[in-house]
Amino acid sequence: MPELPEVETVCRGLAAVLETRVLRHLELRRKDLRFPFPAGLAALVEGRRVAAVRRRAKYILIHLEDGGVLIAHLGMSGRMLIGPAEGLVLETHDHVVFHTDHGVAVRFNDARRFGFLDHARAEDLGRHKLLEGLGPEPLGNEFSGPVLAEKLAGKLAPIKAALLDQKIVAGLGNIYVSEALFVARLSPLRSAGTVSGARAEKLVRAIKDVLTRAIAAGGSSLRDYVQTSGELGYFQHQWAVYGKEGEPCPGCTCAHGILRIVQSNRATFYCAKRQR
DNA sequence: CGGCAAACCTGCGAGC
DNA sequence: TGCTCGCAGGTTTGCC
């Protein structure tokens with residue numbers, strides 16, 4: 001499920017029900033997800049009011065009024081589902097439940113358990129092991145052609161791999177990298193270091209365009225639904241290339257159509273004629 | 001240091 | 001119907 005647009009959608013859903021509310025009870029139904037939950041996590045959260053829900057890269061940051069921050073990551077299969085606490089029915093893989101002071105329950109469901117939950121002080125976030133070193137937010141003003149080109153300079157790895165590296169730009173994942181490279185008409189096989197100048201400008205515009213459209217659509221749903229309401233995101237209907245091996249290229253009349261290759265053990269979709 | 005494969009864990013669809 | 005295999009949106013680790 002979750003790349004930047006999906007995490008952004010989840011954050012907006014969480015903000016609507018959690019901000020200004022007190023977290024009465026943090027129900028930990030196992031002792032770990034990808035990592036063990038930090039010692040005393042429930043006590044660090046219970047009785048605190050939520051000041052704000054924010055996103056950094058693919059991390060959900062739940063700021064508490066006492067300066068503590070809950071850091072959540074959805075991994076590959078994580079979901080946050082909001083519903084009434086009364087008559088709550090837990091489902092398989094509901095590992096954590098947040099209970100608010102106004103009768104709302106948020107279930108953190110994660111079948112594959114690649115997600116996690118951590119706690120930090122707000123003033124320490126910049127030095128948090130998982131957050132330090134993250135590259136710029138792709139939708140922020142600070143993410144520009146020159147900034148990207150500088151990060152890519154000298155890199156021999158394919159541009160596909162570089163864009164998945166969260167130190168270069170934070171929040172892209174496997175789907176949106178293929179989509180952005182298609183919009184920018186750049187081959188995923190091209191060496192990252194050759195993307196500079198006008199090419200870098202074009203790629204930055206493509207990344208911002210794809211992410212903005214995906215957020216507007218509520219993200220993409222594959223097997224899981226994305227939004228906290230349980231509604232489907234529908235950006236998958238706007239994909240140009242992802243998952244479309246063998247289908248006609250939407251941008252040209254090439255005979256081969258959309259190709260699927262494997263880079264760094266992950267599927268890449270592209271048009272070899274339109275993308276150079 | 002850079003780049004790549006494998007590992008973490010579970011579910012689902014395709015194919016036999 | 002039921003089994004096996006391959007593949008899946010992320011990130012870290014370890015190896016060359």
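None of these values were measured; they are calculated from a predicted model. Lettering of chains follows the sequences in order, A, B, ..., and the numbering in each one begins at 1.
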Expected rows: protein N/O vs nucleotides 11-14 of chain C N/O, under 3.5 Å:
residue, atom, partner, partner atom, Å
C/dT11, OP1, A/H73, NE2, 2.6
C/dT11, OP2, A/K58, NZ, 2.8
C/dT11, O2, A/R34, NH2, 3.2
C/dT12, O4', A/R34, NH2, 3.2

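Atom CG of A/D110 and atom P of C/dG10 are 13 Å apart (whole Å). Look at CG on A/L33: it is 12 Å from P on B/dC9, rounded to the nearest Å. One can place NZ of A/K155 at 13 Å from C1' of B/dC4, the figure rounded to the nearest angstrom. Atom C1' of nucleotide C/dC7 and atom CD1 of A/I261 are separated by 17 Å, given to the nearest angstrom. Between A/Y242 atom OH and C/dA8 atom C1' there is a gap of 7 Å when expressed in whole angstrom units. Going from atom CZ of A/R112 over to atom C1' of B/dC12 covers 11 Å, rounded to whole Å. What separates CZ of A/R190 from P of B/dG3 is a distance of 16 Å, to the nearest Å. Rounded to an integer number of Å, the gap from A/W239 CH2 to C/dA8 C1' is 11 Å.
Taking 4.5 Å as the limit, some side-chain heavy atom of A/V96 sits within range of a side-chain heavy atom of A/L117. Within the 4.5 Å cutoff, side-chain heavy atoms of A/K160 are placed close to those of A/V177. Side-chain contact between A/P36 and A/K31 is absent, with no heavy-atom pair separated by less than 4.5 Å.
Classification of A/R48 and A/E65 as a salt-bridged pair fails, no side-chain N sitting under 4.0 Å from a carboxylate O.
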For residues 196-206 of chain A, which side-chain N or O atoms pair as donor and acceptor with protein atoms under 3.5 Å away, sequence neighbours left out?
none

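Counting only residues at least two apart or in different chains, ring pair (Phe, Tyr, Trp, His ring centres under 6.0 Å) contacts with residues 155-185 of chain A comprise A/Y176-A/F235. For residues 245-255 of chain A, no pair satisfies side chain to side chain donor-acceptor pair (under 3.5 Å), with sequence neighbours left out.
Residues A/F35, A/Y59, A/L61, A/V69, A/I71, A/L125, A/L130, A/L131, A/L134 make up the rest of the hydrophobic cluster containing A/F116, defined by ILVMFWY side-chain heavy atoms closer than 4.5 Å, directly or through other members.
Using a 4.0 Å cut-off, some side-chain N or O of A/H93 falls inside it from OP1 or OP2 of B/dG11. For the OP1/OP2 pair of B/dT10 and a distance below 4.0 Å, the side-chain nitrogens and oxygens of A/R113 include at least one atom meeting the criterion.
Taking atom P on both nucleotides, B/dC9 is separated from C/dG14 by 15 Å, rounded to a whole Å.
With B/dC4, B/dG11, B/dC8 as the choices, the nucleotide that has an atom nearest any side-chain atom of A/A111 turns out to be B/dG11. Closest to the side chain of A/N265, out of B/dC9, C/dA8, B/dA6, is B/dA6.
At least one donor-acceptor pair closer than 3.5 Å links the side chain of A/H95 to the backbone N or O of A/D110.
Secondary-structure stems of DNA chain C, taken as three or more successive Watson-Crick or G-U wobble pairs (i with j, i+1 with j-1) under a 3.5 Å distance threshold, comprise B:2-8 with C:10-16, B:10-16 with C:2-8.
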